[in-house]
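Worksheet: the structure to be examined is printed underneath.
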Amino acid sequence: MSDNTAAAQARHVPDDLPKGIQHYIDGEFVDSVDGDTFDVIDPVSNQAYMQAASGKKADIDRAVAAAKKAFDEGPWPRMLPRERSRILHRIADIVESRDARLAELESFDSGLPITQALGQARRAAENFRFFADLIVAQADDTFKVPGRQINYVNRKPIGVAGLITPWNTPFMLESWKLGPALATGNTVVLKPAEFTPLSASLWPGIFEEAGLPKGVFNLVNGFGEEGFAGDSLVKHPDVPLISFTGESRTGQLIFANAAPFLKGLSMELGGKSPAVVFADADLDAAIDATIFGVFSLNGERCTAGSRILVQRDVYDEFVERYAAQAKRVKVGYPHDETTEVGALVHPEHFAKVMSYVELGKQEGRLVAGGGRPKGFPEGNFVAPTVFADVSPDARIFQEEIFGPVVAITPFDTDEEALALANNTKYGLAAYVWTNDLKRAHNFAQAVEAGMVWLNSNNVRDLRTPFGGVKASGLGHEGGYRSIDFYTDQQAVHITLGKVHNPTFGKQEHHTEVELDDPDPR
Ligand SMILES: NC(=O)C1=CN([C@@H]2O[C@H](COP(=O)(O)OP(=O)(O)OC[C@H]3O[C@@H](n4cnc5c(N)ncnc54)[C@H](O)[C@@H]3O)[C@@H](O)[C@H]2O)C=CC1
Ligand SMILES: O=C(O)/C=C/C=C(\O)C(=O)O
């Protein structure tokens with residue numbers, strides 16, 4: 001593709017792009033040991049705009065060795081939570097102060113609309129600030145026990161955490177893991193998604209400026225497959241923890257590869273979440289929220305409400321109004337502040353989403369979109385696409401598309417709505433629209449989803465857990481669940497008074513412990 005194409009002319013290339021993207025190991029930017037690189041492309045022109053270092057086992061070995069040394073010998077795990085918290089707050093301040101630049105780079109690299117990329121950059125700062133506060137507020141359990149014992153929980157950082165992240169909102173999802181892993185005193189090796197390495201290349205500067213000690217944060221770019229960076233991180237014996245966000249089938253592979261090492265695993269995986277609209281719902285609110293729920297972040301969002309189930313009494317009205325609104329969603333260049341849906345991340349992903357759009361034309365009734373939008377002859381642009389009357393066994397009802405494509409299906413009764421909602425291998429999120437309080441809560445109790453939003457948009461307080469059930473994940477991140485994942489909780493039992501030893505082997509009667517040394521409470 002030449003530079004004269006419409007897309008190449010329309011794209012906005014940020015000033016002062018780095019010359020190339022390197023790894024960052026033990027406080028230094030470095031190339032791959034074998035010198036290998038890969039092309040990084042922008043999704044508007046699909047042209048390579050730079051090269052990134054392609055990490056393999058040797059690079060992961062170097063990064064893990066640096067992180068292990070920083071853990072075994074460095075100050076980070078030994079600092080008081082308050083001291084680490086100060087550095088994390090500084091990181092949050094720096095991220096906030098660079099939000100516009102971060103958004104510009106993220107939007108250019110990933111195709112996310114600039115206004116949404118800005119929101120995600122601010123959410124990344126919030127993640128650091130939240131864990132900076134949480135680690136100081138953390139109260140560990142202490143119990144007074146009969147026999148003048150005290151039992152308490154000693155939380156300890158675990159070691160080198162391997163963090164493997166996807167491309168849909170890269171910087172923010174990296175912060176999701178970096179915040180708690182660092183707050184709790186671990187050291188890390190981050191392996192960002194190969195489609196979108198640009199924003200991650202800003203972490204080293206941010207961390208250095210905030211005063212994070214050398215070796216605590218390490219970054220290895222590259223692919224996930226066997227022998228490459230992701231796989232090598234999972235199989236490294238000195239990495240006891242892997243926190244992974246990505247596709248369910250990648251999660252299964254990582255699970256298997258980590259099994260021989262019995263590693264701690266946190267898995268945030270795919271989704272095909274239902275949005276259930278009952279006839280008594282506030283339809284205006286339900287339509288606005290379900291439009292946002294599947295078309296924001298270009299539809300490349302794990303919690304997308306990509307199956308909308310609508311009660312038959314309002315089905316025709318809903319479909320008509322929904323399609324009309326979907327047609328008004330503004331597709332545009334990612335850097336344009338009025339854009340609501342930008343360009344999908346990569347031509348491979350674009351081809352996948354387009355293949356589902358074509359399949360949908362056989363499996364459902366196309367009522368909006370259906371392919372490349374007018375005015376965008378190149379680049380990874382897909383018009384917001386709506387299929388109605390989709391049967392529950394259709395592939396577009398069952399499979400995660402991860403793009404701006406939604407399937408709408410009618411139902412009659414509450415029982416049918418629940419059965420349809422649960423009729424998928426995934427269980428990440430569910431959204432329910434009804435004005436009947438009992439119905440809403442009963443549905444929430446029964447639906448197979450890690451997160452449920454009732455008459456509500458996808459907004460999560462950082463104290464609540466994020467995670468899925470079934471093929472959508474294993475474990476939860478967020479709030480104290482993240483602190484639990486990134487720490488060992490050692491139970492310590494101590495006797496303060498007289499020790500009541502059992503009399504085994506002394507030919508005496510074996511008696512119950514006597515409380516002759518009363519607890520002074
Ligand atoms: N549940 C959640 O919290 C979220 C889940 N996701 C899911 O992420 C997916 C989209 O992201 P993708 O980047 O396409 O996922 P992916 O699974 O293809 O890749 C994710 C990361 O894993 C690495 N990887 C691939 N194979 C690996 C292996 N064998 N060993 C170690 N690492 C490996 C990749 O290089 C990348 O960094 C969607 O399924 C989406 O639902 C996205 C955001 C949030
Ligand atoms: O920060 C959160 O609470 C949610 C993030 C959600 C996504 O990244 C997603 O839905 O893809």
Side-chain angles (χ1 to χ4, degrees), residues 38 54-55 60 110 112 116 119-120 122-124 126-127 130 162-177 179 190-197 200 220-236 239 242-258 265-273 292-294 296-306 344-346 348-349 352 399-403 426-429 449-451 453 457-469 471-479:
F38 64 95
S54 173
I60 289 291
S110 69
L112 284 181
Q116 296 171 38
Q120 296 294 304
R122 291 180 182 159
R123 180 79 164 167
E126 271 180 53
N127 278 330
F130 172 77
L163 312 179
I164 303 178
T165 50
W167 47 257
N168 60 319
T169 165
F171 192 79
M172 194 287 286
L173 286 172
E174 289 152 17
S175 76
W176 220 358
K177 300 179 189 304
L190 170 68
K191 207 302 278 170
E194 59 271 30
F195 284 175
T196 51
V220 178
N221 285 293
F223 298 90
E225 293 81 356
E226 187 158 9
F228 288 84
D231 174 74
S232 306
L233 188 56
V234 170
K235 292 177 179 164
H236 200 295
V239 178
I242 296 288
S243 175
F244 170 74
T245 300
E247 290 185 13
S248 299
R249 64 171 179 274
T250 314
Q252 285 174 311
L253 192 58
I254 290 178
F255 197 86
N257 288 338
L265 292 176
S266 171
M267 300 263 174
E268 302 288 357
L269 308 176
K272 188 76 184 180
S273 301
F292 176 83
V294 74
S296 55
L297 300 182
N298 296 343
E300 297 163 322
R301 94 179 291 156
C302 56
T303 53
S306 51
L344 300 192
V345 68
H346 193 274
E348 278 171 29
H349 184 60
K352 175 186 148 183
E399 296 174 19
E400 184 182 44
I401 300 174
F402 219 56
Y426 295 107
L428 191 58
M451 294 166 288
W453 279 274
N457 227 321
N458 180 336
V459 174
R460 180 180 69 94
D461 184 278
L462 290 176
R463 287 166 293 191
T464 61
F466 188 106
V469 297
S472 289
L474 189 73
H476 286 77
E477 295 194 72

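Ligands are counted one by one from 1 in listed order, and the atoms in each one are counted from 1 as well.
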Element-labelled atoms of ligand 1 that are located less than 4.0 Å from some non-hydrogen atom of I164: 21 (C), 22 (O), 23 (C), 31 (C), 32 (N), 37 (O)
query: What protein heavy atom sits nearest atom 7 (C) of ligand 1, and how far off is it?
result: G246 O, 3.3 Å
- line: re atom 31 (C) of ligand 1, the protein heavy-atom contact at minimum distance is G230 C, 3.2 Å
- request: Look at atom 24 (N) of ligand 1 and say which protein heavy atom is nearest, naming residue and atom and giving the distance to 0.1 Å.
  value: G224 CA, 3.5 Å
- request: Evaluate side chain to side chain contact (heavy atoms under 4.5 Å, CB included) for K177 paired with T245, printing each intermediate quantity in order.
  value: CA-CA 10 Å; K177 300 179 189 304; T245 300; 2.7 Å; yes
query: Heavy-atom contacts under 4.0 Å between E194 and ligand 1: side chain, backbone, both, or neither?
result: side chain
task: Indicate yes or no for a side-chain donor-acceptor contact from D461 to the backbone of R463 under 3.5 Å, with no hydrogens or angles considered.
output: yes
- prompt: Considering only heavy atoms of F466, which atoms of ligand 1 have at least one such atom less than 4.0 Å away?
  reply: 2 (C), 3 (O)
message: If I apply the N/O under 3.5 Å rule, does S248 come out as touching ligand 1?
response: no
Structural part of I254 in contact with ligand 1, heavy atom criterion under 4.0 angstrom: side chain
task: Side-chain contact test, heavy atoms from C-beta onward, threshold under 4.5 Å: evaluate it for V220 versus L233 and give yes or no.
output: no
message: Within the 4.5 Å heavy-atom criterion, are R460 and R123 side-chain neighbours or not?
response: yes
- request: Among all protein heavy atoms, pick the one closest to atom 15 (O) of ligand 1 and tell me residue, atom and distance.
  value: E247 N, 3.4 Å
- prompt: For the residue pair S306 and V294, what are the closest heavy atoms and their distance?
  reply: CA-CG2, 3.9 Å
Close side-chain approach of W453 to N458, heavy-atom, < 4.5 Å: yes
task: Quick one: look up the protein heavy atom nearest atom 10 (C) of ligand 1 and list residue, atom name and how far away it is.
output: F402 CE2, 3.6 Å
- request: Indicate the atoms forming the closest heavy-atom contact of E174 with T165, along with that distance.
  value: CG-OG1, 3.6 Å
message: To check you understand the geometry: which heavy-atom pair defines the closest contact between K191 and F223, and what is its length?
response: CE-O, 3.9 Å
- prompt: With side chains defined as the heavy atoms from C-beta onward, is the minimum distance between N221 and E194 less than 4.5 Å?
  reply: no
- prompt: Between S248 and G270, is there a donor-acceptor pair closer than 3.5 Å when you use the side chain of the first and the backbone of the second?
  reply: yes
task: Using a strict cut-off of 4.0 Å, indicate which atoms of ligand 1 neighbour a heavy atom of T245.
output: 2 (C), 3 (O), 4 (C), 5 (C), 6 (N), 20 (C), 42 (C), 43 (C), 44 (C)
Side-chain donor/acceptor of E400 to backbone N/O of G271, under 3.5 Å: yes
message: On a heavy-atom basis, I'd like to know which of F244, Y426, F228, F223 is closest to atom 22 (O) of ligand 1.
response: F244
field: Where ligand 1 meets L173 - atom numbers and elements under 4.0 angstrom, heavy-atom basis
entry: 43 (C)
message: Using the rule given for side chain to side chain contact (heavy atoms under 4.5 Å, CB included), can you reason through L474 versus F255, listing the C-alpha separation, both sets of side-chain angles and the distance that settles it, and then say yes or no?
response: CA-CA 10 Å; L474 189 73; F255 197 86; 3.4 Å; yes
message: Checking the N or O distance criterion of under 3.5 Å, is ligand 1 in contact with E225?
response: no
- prompt: Is at least one protein non-hydrogen atom found at under 4.0 angstrom from atom 19 (O) of ligand 1?
  reply: no
field: Where A471 and L269 come nearest, the two heavy atoms and their spacing
entry: O-CB, 3.5 Å
Heavy-atom pair with the smallest gap, counting every atom of A429 and A449: C-CB, 3.7 Å
query: Any nitrogen or oxygen of T165, main chain or side chain, under 3.5 Å from a nitrogen or oxygen of ligand 1?
result: yes
field: Closest protein heavy atom (residue, atom, distance) for atom 11 (O) of ligand 1
entry: P166 CB, 3.2 Å
- prompt: Nearest protein heavy-atom contact for atom 12 (P) of ligand 1: which residue, which atom, what distance?
  reply: W167 NE1, 3.3 Å
task: Output the set of protein residues with a heavy-atom contact under 4.0 Å to ligand 2, ordered first by chain identifier and then by residue number.
output: R123, N168, T169, M172, L173, R301, C302, T303, R460, F466
Candidate pair N168 and V345, rule side chain to side chain contact (heavy atoms under 4.5 Å, CB included), full reasoning: CA-CA 8 Å; N168 60 319; V345 68; over 6 Å; no
message: In terms of relative ring orientation, are F402 and H349 parallel, tilted or perpendicular, with 30° and 60° separating the classes?
response: perpendicular
task: Assess G473 for proximity to ligand 1: is some non-hydrogen atom of it under 4.0 Å away?
output: no
- line: The closest protein heavy-atom partner of atom 41 (O) of ligand 1 is E400 OE2, 2.6 Å
field: T250: numbered ligand 1 atoms lying under 4.0 Å from its heavy atoms
entry: 16 (P), 17 (O), 18 (O), 24 (N), 25 (C), 26 (N), 27 (C), 33 (C)
message: Which residues pass the ring-ring contact (aromatic ring centres under 6.0 Å, His included) test with F171, not counting sequence neighbours?
response: W203
message: Distance under 4.0 Å to a non-hydrogen atom of P192: what atoms of ligand 1 satisfy this?
response: 37 (O)
query: Is there a donor-acceptor pair under 3.5 Å between the side chain of S266 and the backbone N or O of S243?
result: no
statement: Candidates L428, L269, N168; heavy atom nearest atom 5 (C) of ligand 1 found on L269
Close-contact set for ligand 1 against V234 heavy atoms, below 4.0 Å: 31 (C)
statement: Note: ligand 1 atoms sitting under 4.0 Å from heavy atoms of L253 are 29 (N)
